[in-house]
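Below is one structure, written out as structure tokens, with a few remarks after it.
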2 protein chains.
Amino acid sequence: METGYGLMDAVRERCARCAGRSVSICNVIDDEDLPVLVAESSRVTVPAGRCFISEGAPAHDFYVLTGGRAKLFSLMPDGRRQIIGFAELGDFLGLASSDTYAFTAEALGDVTLCRFPHSSIDRLVERFPRLRCRLQKEASSELVKTQARLMLLGRKTARERLASFLIEQASPCCAHGQTITDEHGPLTLALPMSRTDIADYLGLTIETVSRTFGLFKKEGLISVKGASAATLLKPGRLNDMANGIKRD
Amino acid sequence: METGYGLMDAVRERCARCAGRSVSICNVIDDEDLPVLVAESSRVTVPAGRCFISEGAPAHDFYVLTGGRAKLFSLMPDGRRQIIGFAELGDFLGLASSDTYAFTAEALGDVTLCRFPHSSIDRLVERFPRLRCRLQKEASSELVKTQARLMLLGRKTARERLASFLIEQASPCCAHGQTITDEHGPLTLALPMSRTDIADYLGLTIETVSRTFGLFKKEGLISVKGASAATLLKPGRLNDMANGIKRD
DNA sequence: GAAATATGTTGATTTAAATCAAAAAATGGA
DNA sequence: TCCATTTTTTGATTTAAATCAACATATTTC
């Protein structure tokens, strides 16, 4: 098939055509500099269920998620698991404070990634100083999100946790900083993660997650198709519940 | 009294004599450049119980803690509180992802701080590019610490939480990355925060914290002088408990 | 398409930690 | 030093969520 350019051009186009281009750290690199980015990174594809970062392993690479979703988790010796977060398009993974990864990252469905060896990031930062600033913003914003999760895990009820989760899942597609109201609904969202994953994300058991889904359904707050999709019928009410605001 | 230098010199010496000099972000600035740091920052003293950062308020400044300790927390509308962390010497505060602070910071005892308006940090980063790198390291290491707290709040028992807290409080003075063993003990530590603070840090109630302290005492793991100092008699055992490792 | 397996839901019971309730220490002024 | 207040500890009871136990619904395999 005639594409108008050869293999090398196609490789050079990798970043230009990347779905994560505008939301990832790469958005501080100008189009004309993209060949440098292509040269310093490599595309990786990970099949569903495969881990591409292992807790405690030497941290050699950073990753930008360019397709699919991943779960990030940490394990205790007896198997208790805490999901740190769900990574999505554009997320920057691999920030570590020591020389080992702090969590495991596993592909939820098939995942595509851009891999940057630490040495490549060093060179890129040297060449594009704005990238350093962007990386700091990324770390800061992850930090603030994680701090909000401390309140969820330390002080919220099961209902508040699940409401927070649903609102969080709905936010990327809808709200840009703005508060979610009932007028935003009904909002349908895909839930590619299992009940076990949701439970381990929220610090609950699968039974409690399942029961709480059931309650929300009975109360007309959501409707559910199968187990992997939900529609928020009263997103405003869920948002209030998530934040501990009582309505009368 | 003859000091050998005048007021202006004393002001210039502020950073050189600062207790946080070697542990804070300022450790990437060479001694000869300290006057720039002095010029871009101001010293602040905060009496016990006073808040110097307010959740939701416009974020204009960063702070480096140079004396005393502070608690960082977030509130829900009904008063439920989650303590995000306890800040100590050298800690960098005020990283935010939006234009408002994500938490409140309150002095535990009397606290001294160095305040950097955002504009000052911008100028300093411009002049000392290594500072940007240091800020990113700071954000990354805070992120990893916070991620570890997700496991504590989501999956650990009350005993494991208190053990984690005690080990964490002991670590700054003793371990530099190394694992704590019983040979490190007995380790005495000051606990300047109230039981309420500890409870809100660990996602427990004061009663549970108090009872768990009682159990540890009865089991010979710790001894307590008053309520604001504890000695870890079996730090290794506590460390294992904190990490969910069973001993037989 | 049926059997086998995995995943999710619902119900009964238990339990770790919360709540409610005093009592005991500690702290801070007069 | 004593009294008043706050903080902490200890005890009794409750409860939200966990655990234990079927059962139902998907999903996969042959």
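Any value given below was found using the heavy atoms of this structure, including those in side chains, with hydrogens, waters and symmetry copies removed. On a predicted model such as this, the values are computed, not experimentally measured, just so you know. To find a chain, count down the sequence lines: A is the first, B the second, and so on, and within it residues start at 1.
For A:Ile53, the side-chain contact (heavy atoms from CB on, under 4.5 Å) partners two or more places apart in sequence, or in a different chain, are A:Tyr63, A:Leu93, A:Tyr101, A:Ala105.
Nucleotide C:dG8 holds its C1' atom 13 Å from the CG atom of A:Asp197, rounded to whole Å.
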CA sep, side-chain torsions, deciding dist, call: A:Lys234, A:Met241, side-chain contact (heavy atoms from CB on, under 4.5 Å) = CA-CA 11 Å; A:Lys234 307 267 182 66; A:Met241 189 190 297; over 6 Å; no
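There is a side-chain donor-acceptor pair under 3.5 Å between A:Thr66 and A:Thr112. Side-chain contact check for A:Ser74 and A:Gln82: no donor-acceptor pair (N or O, by modelled atom type) lies under 3.5 Å.
Under the 4.0 Å criterion applied to side-chain N and carboxylate O atoms, B:Lys145 and B:Glu168 are not assigned as salt-bridge partners.
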Indicate for each nucleotide in nucleotides 5-22 of chain D, in 5' to 3' sequence, whether protein heavy atoms under 4.0 Å reach the base (B), only the sugar-phosphate (S), or nothing (-).
-> ---SBBBB----SSBB--
